[in-house]
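Any value given below was found using the heavy atoms of this structure, including those in side chains, with hydrogens, waters and symmetry copies removed. Bear in mind the structure is a predicted one, so any value in this text is a computation, not a measurement. Proteins come first, then strands; the chains are lettered A, B, ... in the order of their sequence lines, and each starts at number 1.
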Amino acid sequence: MINLAPREFHLFQSAGRDFLYLVPSAAIFGLDEPTSAVLRLLTEQKRPEEAVIAALAERFDATTIRDAVADLLEARAIGYEHEPEARFPRVLPLMPVADSASSPRTGVIPLTTMVMNVTNQCNLACTYCYEYGEDKIVDTENGRKPKFMSEQTARDSVEFLLRESGSVAHLTFFGGETLLNFPVLRSTVAYGRQRAGELGKTIDFSLTTNATLLRPEIIEFLVENDIGVTISIDGPREMQDKFRVFHNGAGSYDVVAPKIKELLQRHRTKPIAARVTLTSGTLDITRIYRHLTEEIGFVEVGFAPVTTSPGQKYAIGDQGFDRMLGQFRLLAQEWLEYTLANRHHGFSNITESLEEIHKGVSKAYPCGAGLGLLGVSTDGDVALCHRFAGSDAHKMGTVRDGVDREAQIAFLEQNHIADKTDCSKCWARPLCSGGCYHEAHVRYGTTTHPNLHYCEWIRGWTDTCLRVYGELSERNPAFLARFDRDEAKAEAVV
Amino acid sequence: MRRLKPINQKAGRVVDYVAQQKQDVVALQQPQQPVRPHLPMGCTFLFSPGWEADQAGGTAGLCTPVERDIFDCHISCFWPAQVPDMLNHSPNWTGKCSAAQKDWRKIDLVFP
């Protein structure tokens, strides 16, 4: 008799029933009692089908169990012990073609988002900053890169984006402090709109700023041009002023709070999002969330742990990640209650995860960097993403010469999830895929290394999101259907 | 699948995939083709051997009786075959042939 054996999956309970999250397909199935019983039995011990039937004979008849086994085999939640498990396929997505002369665009991944570092200078001196702190990659003070992007480079970047993109292009302005180079930003928006119009493409704009330089005419410009805004802010005064300080050490809260309120009051066409950097000293996430939504007025708030090498005192340790997870779970529960009542809740971390879960995303790469997203440094060098902009080791061409396809291929070859041995047995890899390249580079010195320091946190958070998803699928499927509509819209655009 | 309930989009695709694996193969098949009535009679399908290959995939048992070929092509196969004019001159040329596998010898010979 051949043993049946469990394959890779994660079981979770939600809305009073069992769900199955399959790995690596990322498919989610609802289980009934017999399938659930079979799966649990086989997880305890591998056994042949007849033994499964015998073990469950008191609860279910043989036909029911045979059906359950057949279904689980078809979904590949279980398999025969002697048959090897399917390996994660090592397929490079839409492999770029190195020889662009013979087939100029065949197989090339269109660029959807270009993050443009209009300056590498900042008027704040946040002590944890990956760009200026001890973990920086690029020397922005004494390096050879210009401190501000020139008008010409910005135009070349726009041409590059429109050349490499499909019908829709997103341009994100980044820094440094983006608004330090507002003149170039302003003219780039006008130029981008004009060129996109001429080429029959759609372009939209967004920027990230620390809000210190917002003033009425800039706000007016952002409103008029429908520019999405993300504000980097860490929370109430004492949290914001802990790290987000000016060069003289003075806190920035009192400078930014009124400006942000003004922006929120005026700019209504796009949701203004807050982006919070969490450190070991600022993990009171619920309080930060309340402050930013209720007192400041943000519609969306997203949180990300600080990127740092392990030695820094603001680095989040194991206990910190546990605490963070606890707080995230509280907010997720609150988000769920709001959503079940069809009310808006601005905890954006969960919305992003749910969309990926709903679609069944199974990633070969943790993010779009080097695929549909590229960063551009002040001198027009193209990089993996904005966090690597200006780093020679992560250069992928220039805006004038285009993407260096060989570098891109080499990167995709080296960073595929199939080569991350540590991840090969982890059920959360379809969504995590090893985590942020930049984080890995800072922690472990290479983008190819999985971010092993936050595995428990990722698994805990993914499990929470799956449970929330399970609840919604039972109690408010209409909410999830919006992700279907978005996809339909995206397809129509393509 | 009878007992597993697909919840997310990917699960729906898994169910479609499994269903497709169980489906018969049809000519000019497209991915995720809606299920249509399918009556394989001619050529290499089911009981009827074809010109290119027989039921076993070899060439030992290719079609021999030309009447059979004509009949199968006429009813269900994509293969173009010259058949009698059923509307005007020979409406009953297949009248005695109710089951091709048994009665193919009874197909009328038609002389134009």
Begin with the C-alpha distance, continue with both residues' side-chain angles, and end with the deciding distance and a verdict on side-chain contact (heavy atoms from CB on, under 4.5 Å) for A/Ile357 and A/Cys465.
CA-CA 8 Å; A/Ile357 289 171; A/Cys465 292; 3.6 Å; yes

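- Contacts between residues 4-20 of chain A and chain B, counted as heavy-atom pairs separated by less than 4.5 Å, involve A/Arg17, A/Phe19.
- Separation of atoms NZ (B/Lys106) and CH2 (B/Trp93) is listed at 15.5 Å; rounding is to 0.5 Å.
- Taking the six-membered ring for Trp and the full ring otherwise, A/Tyr338 and A/His344 have centroids separated by 6.0 Å or more.
- Near-neighbour residues of residues 65-74 of chain A relative to chain B, defined by a heavy atom under 4.5 Å from a heavy atom of that chain, comprise A/Asp67, A/Ala68, A/Asp71, A/Leu72, A/Glu74.
- For A/Pro477, no part lies near chain B; criterion is any non-hydrogen pair under 4.5 Å.
- The candidate from B/Lys5, B/Arg2, B/Arg3 with the greatest count of non-hydrogen atom pairs under 4.5 Å with chain A is B/Arg3.
- A donor-acceptor contact closer than 3.5 angstrom links the side chains of A/Tyr469 and A/His358.
- With hydrogens and angles disregarded, no donor-acceptor distance shorter than 3.5 Å links the side chain of A/Thr35 to the backbone of A/Leu31.
- Listed options A/Thr64, A/Val361, A/Leu22 were ranked by heavy-atom pairs under 4.5 angstrom with chain B; first place goes to A/Thr64.
- The structure places CZ of B/Arg13 at 10.0 Å from CG of B/Asn8, a figure rounded to the nearest 0.5 Å.
- For A/Phe347 and A/Phe328, the ring centers are positioned less than 6.0 Å apart.
- A donor-acceptor pair is defined here as one N or O able to donate and one able to accept, closer than 3.5 Å; such a pair exists between the side chain of A/Tyr365 and the backbone of A/Leu412.
- Judged purely by atom type and a 3.5 angstrom limit, A/Thr43 uses its side chain to pair as donor or acceptor with the backbone of A/Leu39.
- By the 4.5 Å heavy-atom criterion applied to side chains, A/Arg429 and A/Lys420 are not counted as neighbours.
- For A/Asn3 (side chain) and A/Glu81 (main-chain N/O), no donor-acceptor pair under 3.5 Å exists by modelled atom type.
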